[in-house]
Amino acid sequence: MSGISATSLAYREPTYVKKEAQAAETAQAGSFSSVLQQEGLPQEAEQSEKDIPMWGYEARQYWGNRVQEWCDYVDYTVIQIYKTERNFASKIGVAEEKSINWDADGSAKLTEEQVKDLKSRYDITDISKQDYYNLLAELTDMNVISAKDVIWQFDTERLPFCGFQHSVTPANADQDFLRLPSCSGNMLEKTADFLNRLNTASSWLCAHSAMIDPTSFLAQKSSLDDRVKTYQNLSEIFQLIAR
């Protein structure tokens, strides 16, 4: 995709940033002022650490760890809320016909038997919201997706991008470029399309990193990388169970 235009990135600084900013200054060993030069953006984000203009190694490690800790804390807190309140299904407007495994971390893989069974009961190319919820709940029970993966698709208010509100929008794209797809219909195509948009957004972010506050950049990139991982996994699962 070509013709990328810069848009604003609103940054809400978390508390730990203010408390630890002074300590991190001593670790800074590089400049964040250079611009990544590239003529066009790839369809998938393939930048490695060496491609991204950033602080020195120590500062990058320091802030990367702090950002990840913050994101992990947000994820854990929201999951525990739903695990305790037991109101997730009603909040998103479906019946709790199946229960979500709130301890699922997505570390397992589908077996051939599971693929065959899911394919026989769910049409991922034409699925209702209720059936989609049921499918995801089953996938958490099989531990092939995490509880966080489910929340991210249905409830963006309770699980924001780790406290950072962003707008990463290529030229000629509408303001809803990264709006989540509705959870019904052809989820095979919708998931693949959203994954492509996430990769484009990640590429844009890397290409314009010099325009963004370093800590905000790290948070934005970490959040996008997590989403890419989630939707890449979902896309692969849906391809397996598609009829």
Side-chain angles (χ1 to χ4, degrees), residues 1-14 32 34-55 60 63-64 67-68 70-72 74-75 78 106 145-146 148-183 186-238:
M1 180 177 292
S2 60
I4 301 302
S5 63
T7 57
S8 62
L9 288 151
Y11 170 57
R12 298 199 303 276
E13 190 172 58
F32 199 72
S34 60
V35 179
L36 179 64
Q37 301 295 327
Q38 60 182 52
E39 295 297 328
L41 294 179
Q43 288 301 309
E44 297 185 358
E46 298 179 349
Q47 286 81 1
S48 63
E49 288 190 8
K50 65 182 179 61
D51 297 319
I52 303 172
M54 195 170 290
W55 301 326
R60 183 167 66 248
W63 283 111
V67 167
Q68 191 60 56
W70 174 254
C71 290
D72 290 345
V74 172
D75 295 343
V78 175
I145 66 172
S146 68
K148 178 180 69 175
D149 295 336
V150 179
I151 297 175
W152 270 2
Q153 294 181 76
F154 287 103
D155 190 357
T156 56
E157 293 181 1
R158 291 290 285 271
L159 192 55
F161 280 73
C162 303
F164 295 80
Q165 183 180 13
H166 79 286
S167 177
V168 182
T169 308
N172 302 321
D174 59 38
Q175 294 183 350
D176 294 329
F177 178 70
L178 286 182
R179 181 181 292 276
L180 291 175
S182 58
C183 295
N186 192 335
M187 293 308 298
L188 178 66
E189 289 187 357
K190 288 181 179 181
T191 300
D193 174 69
F194 190 62
L195 176 61
N196 182 62
R197 283 184 279 145
L198 286 170
N199 279 316
T200 299
S202 184
S203 295
W204 183 94
L205 191 66
C206 291
H208 296 83
S209 56
M211 303 166 56
I212 307 166
D213 176 85
T215 51
S216 182
F217 170 85
L218 285 171
Q220 303 284 353
K221 189 64 169 63
S222 176
S223 181
L224 283 169
D225 286 347
D226 277 350
R227 297 248 171 173
V228 167
K229 182 179 179 181
T230 288
Y231 280 88
Q232 180 66 53
N233 186 38
L234 286 172
S235 182
E236 292 173 358
I237 290 172
F238 294 164

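Checked by atom type and distance alone, the side chain of Asp149 pairs as donor or acceptor with a backbone atom of Ser146 at under 3.5 Å. For Thr200 (side chain) and Asn196 (main-chain N/O), a donor-acceptor pair under 3.5 Å exists by modelled atom type.
Contact between Val228 and Leu195 at its shortest, heavy atoms only, is O-CD1, 3.7 Å. The nearest pair of heavy atoms linking Leu180 to Gln153 is CD1-O, 3.7 Å.
Of the residues Leu188, Ile145, Thr191, the one that meets the side chain to side chain contact (heavy atoms under 4.5 Å, CB included) test with Ile237 is Ile145.
Atom CG of residue Asn233 and atom CZ of residue Phe238 lie 9.0 Å apart, to the nearest 0.5 angstrom. Once rounded to the nearest 0.5 Å, the distance linking CG of Asn199 with CZ of Phe194 reads 11.0 Å. Atom CG of residue Asp75 and atom CD1 of residue Ile151 lie 8.0 Å apart, to the nearest 0.5 angstrom. Considering CG of Asp193 and CE of Met187, their distance stands at 10.5 Å, rounded to 0.5 Å. Between atom CH2 of residue Trp152 and atom OG of residue Ser223 there is a gap of 5.5 Å, rounded to the nearest 0.5 Å.
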Q.
Run the side-chain contact (heavy atoms from CB on, under 4.5 Å) test on Lys148 and Val78 for me, step by step, so that the C-alpha distance in whole Å, both residues' side-chain angles and the decisive distance to 0.1 Å come before the verdict.
A. CA-CA 9 Å; Lys148 178 180 69 175; Val78 175; over 6 Å; no
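For Asp225, the side-chain contact (heavy atoms from CB on, under 4.5 Å) test picks out Ser202, Lys221, with sequence neighbours left out.
Surrounding CD of Glu189 are at most 12 heavy atoms belonging to other residues, nucleotides or ligands under 6.0 Å away.
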